[in-house]
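Here's the structure we're looking at; comments come further down.
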Amino acid sequence: MLDPKLLRSELEQTAARLARRGYTLDTKLIGTLEIRRKNLKIRTQELQNQRNTHSKAIGHAKANGQDIQPLLNEVASLGDKLKQAESELDAIQAQLLTFQLEIPNLPHDSTPTGNRDSDNIEIRRWGEPRQLAFEPRDHVDLGAEGGLDFEVAAKLTGARFVVIQGQLARLHRALTQFMLDLHTQEHGYREIYAPYLVNADSLRGTGQLPKFESDLFKLSGDLSYYLIPTAEVPITNLARDRIFETNDLPLRYVAHTPCFRSEAGSYGKDVRGMIRQHQFEKVELVQIVRPEESYATLEELTRHAETVLQRLELPYRVMALCTGDIGFASAKTYDLEVWLPGQRKYREISSCSNFEDFQARRLQARWRNPTTGKPELLHTLNGSGLAVGRTLVAVIENYQDERGHIRIPSALKPYLRGLEVIIPDGR
RNA sequence: GGAGAGAUGGCCGAGCGGUCGAAGGCGCAGCACUGGAAAUGCUGUUUAGGGGUAACUCUAACGAGGGUUCGAAUCCCUCUCUCUCCGCCA
């Protein structure tokens, strides 16, 4: 959520900044609602004040044994007027809030202007795609005999699920352990185990609700919980309704969770293979920091995610997403795109964002600023470090040989007890 | 799943229809005392919104939402969470 003050005192400038990301702010509507809100607020407070003074007077009179009937007559009509004013105020505030919750974050000045992913800007590259002396196969093809089974998953559940078996399942698990160890032992993150089901408040806090309900899986029973679309939701919500001291900061969390996404509206996209699934594993990095540090933190967090790819020796590039491509809650986002020989393309494997105070305002995640002594909003950031399923795909495709064997990246060997190569066993 | 108890400020805890944003204690901050510290004393110490240059002032919040009342932390209803006992369970 944006600072409501921006909508009160800098409405036109705010609209201009939002226009850069293709969002049209209805300034007329907001202006009208704001004036009504302010007038109703003043009127309500006046009436409340009258009620309070009268009630106190009645209390005193009663204590002194005086007749309170004349005082009661005075306030007779007050209650109805107040109720009327309060309900009008509630209605308009609800209307304003609904509107505000649907407004996306302001893009940071350094976020390039653009409409689509082709307007994203490449920041840097690491590694060279390997020159293969044979026609590379994609992971679906390579995995067919090695344990990636989309058909049996379709039988168990439906489309966009996978069953992984044998050495590939083990590799998948090794990747997760490797990532967690790297971030906890070398990058200073605290490992978290958290619920995979969350309530609506948590999703509102990080910005998935109210606008993106159709992207989520929701339970249909008595408990109205949602499956998490990313660990960002439970982890960032750890800071909800809290005020941290300077010494507590920065908060650095890493969590490995499954992620569940309905992928509504993505029909026809990436239907082949493991790229876009309803369920996938992700190791997520979350940092909650003081506002003045957040852009340095974004660079740092992105480097932490890049380190995973470097250790796995997977070629990638870093993209600065344009204003038209950043997420609803983000002010600035870097995507990491890994080279996939099977597609001859760089494909997204991590997304690292600074949300500034957009989530923190919804969450009321604050810190006590020692210079002002006041609680102030924190900045929240997160990034995938990395999407495990897509990393598995990248390893399979980048480490294949012409026989369809998959070499094990040396960084993973300690996690696989010296396994050197995965040879499809056909079982 | 059944029965019962509870939720008050950073923490503990009193209040059970009016002068209560809330006693008291702990913690924290400042000042005094001290060579320094401890102990002690004094003062201060929730958050959000509105008005005012400011001193200050108004409004709201005692788990959440609704109701009764001139007036609710206090009475009533619903929900959430915590604890105890029984049952079930990885």
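All chains are named by letter (A, B, ...) in the order of the sequence lines, taking the proteins before the strands, and each is independently numbered beginning at 1. Everything numeric here is computed off the predicted structure, so don't read it as measured data. When reading the values below, keep in mind they use all heavy atoms of this one structure, side chains included, and skip hydrogens, waters and symmetry mates.
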**nucleotides 51-66 of chain B: protein proximity per nucleotide (B base, S sugar-phosphate only, - neither; heavy atom, under 4.0 Å)** = S------SSS------

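Base pairing of B/A37: no nucleotide in any strand meets the Watson-Crick or G-U wobble criterion (both distances under 3.5 Å). Using N1 to N3 plus N6-O4 or O6-N4 for Watson-Crick, or N1-O2 and O6-N3 for G-U wobble, each under 3.5 Å, B/G17 pairs with nothing. Here B/A23 sits opposite no nucleotide as a Watson-Crick or G-U wobble pair (both hydrogen-bonding atom distances under 3.5 Å). Pair assignment for B/A5 gives B/U82, based on Watson-Crick or G-U wobble hydrogen-bonding distances that are each under 3.5 Å. Nucleotide B/U68 forms no Watson-Crick or G-U wobble pair with any nucleotide shown, as no partner meets the under 3.5 Å limit on both distances. Pairing for B/U74 is absent, with no Watson-Crick or G-U wobble pair whose two atom distances lie under 3.5 Å. Of all nucleotides present, none satisfies the Watson-Crick or G-U wobble test against B/A54 with each distance under 3.5 Å. Across all strands shown, the partner of B/A60 is B/U47, judged by Watson-Crick or G-U wobble contacts whose two distances both fall under 3.5 Å.
Summary of the strand contacts: A/Pro375 and A/Leu72 both lie near RNA chain B, and taking for each the nucleotide with the nearest heavy atom, the more 5' one is attributed to A/Pro375. Along RNA chain B, the nucleotide closest to A/Arg8 and the one closest to A/Lys56 are compared, and the more 5′ of them pairs with A/Lys56.
Classified by interplanar angle (parallel below 30°, tilted 30° to 60°, perpendicular above 60°), the ring pair A/Tyr295/A/His108 is parallel. Using the six-membered ring where Trp is involved, A/His183 and A/His187 have ring planes that are tilted, between 30° and 60° apart.
Comparing B/U19, B/U68, B/C70 by their nearest atom to the side chain of A/His60 picks out B/U19.
Put simply, the side chain of A/Ser351 never gets that close to the backbone of A/Asp335: no donor and acceptor are under 3.5 Å apart. In this structure, A/Glu88 contributes its side chain and A/Ala85 its backbone to no donor-acceptor pair below 3.5 Å.
B/C42 and B/G51 have their C1' atoms separated by 34 Å, given to the nearest Å. Rounded to whole Å, the separation between the C1' atoms of B/G17 and B/C62 comes to 15 Å. To the nearest whole angstrom, the two P atoms, one in B/G10 and one in B/A48, are 12 Å apart. Separation of the P atoms belonging to B/A29 and B/U82 is 33 Å when rounded to the nearest angstrom. With P as the reference atom, B/C11 and B/C28 are 15 Å apart, rounded to whole Å. Comparing the P positions of B/G67 and B/U53 gives an interatomic distance of 38 Å, to the nearest angstrom. Comparing the C1' positions of B/A37 and B/A23 gives a spacing of 33 Å, expressed to the nearest Å. Taking atom P on both B/G41 and B/U46, the two are 22 Å apart, rounded to the nearest angstrom.
Among the atoms of the strands shown, none is found under 4.0 Å from any heavy atom of A/Arg43. Looking at heavy-atom distances under 4.0 Å, A/Arg368 makes contact with sugar-phosphate atoms alone, never a base. When heavy atoms are screened at a 4.0 angstrom cut-off, A/Arg366 is found touching the sugar-phosphate backbone but no base atom.
Atom CZ of A/Arg240 has more than 12 heavy atoms from other residues, nucleotides or ligands within 6.0 Å.
What separates CG of A/Asn199 from P of B/C81 is a distance of 10 Å, to the nearest Å. Rounded to whole Å, atom P of B/U69 lies 19 Å from atom CG of A/Leu71. Atoms CG (A/Leu363) and P (B/A48) sit 16 Å apart, rounded to a whole Å. Taking atom CG of A/Leu47 as the reference point, atom P of B/G71 lies 13 Å away to the nearest angstrom. When rounded to the nearest whole Å, the span between CG of A/Leu78 and P of B/U69 equals 15 Å.
Checked for salt-bridge contact, A/Lys413 and A/Glu420 meet the test: a charged N lies under 4.0 Å from a carboxylate O. Salt-bridge formation is detected for the pair A/Glu186/A/Arg311: a Lys NZ or Arg NE/NH1/NH2 atom is positioned less than 4.0 Å from an Asp or Glu carboxylate oxygen. Salt bridge status for A/Asp80 with A/Lys83: absent, with no side-chain N to carboxylate O gap under 4.0 Å. With salt bridges taken as basic N to acidic carboxylate O contacts below 4.0 Å, none links A/Glu397 and A/Arg347. A salt bridge is absent between A/Glu263 and A/Arg160: the closest approach of a Lys/Arg side-chain nitrogen to an acidic carboxylate oxygen does not fall below 4.0 angstrom.
A/Phe328 and A/Phe358 have their aromatic ring centers within a separation under 6.0 angstrom.
Taking side-chain N and O atoms only, A/Lys83 has a distance below 4.0 Å to OP1 or OP2 of B/U68.
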N/O-N/O pairs, protein side and nucleotides 7-10 of chain B side, under 3.5 Å:
none

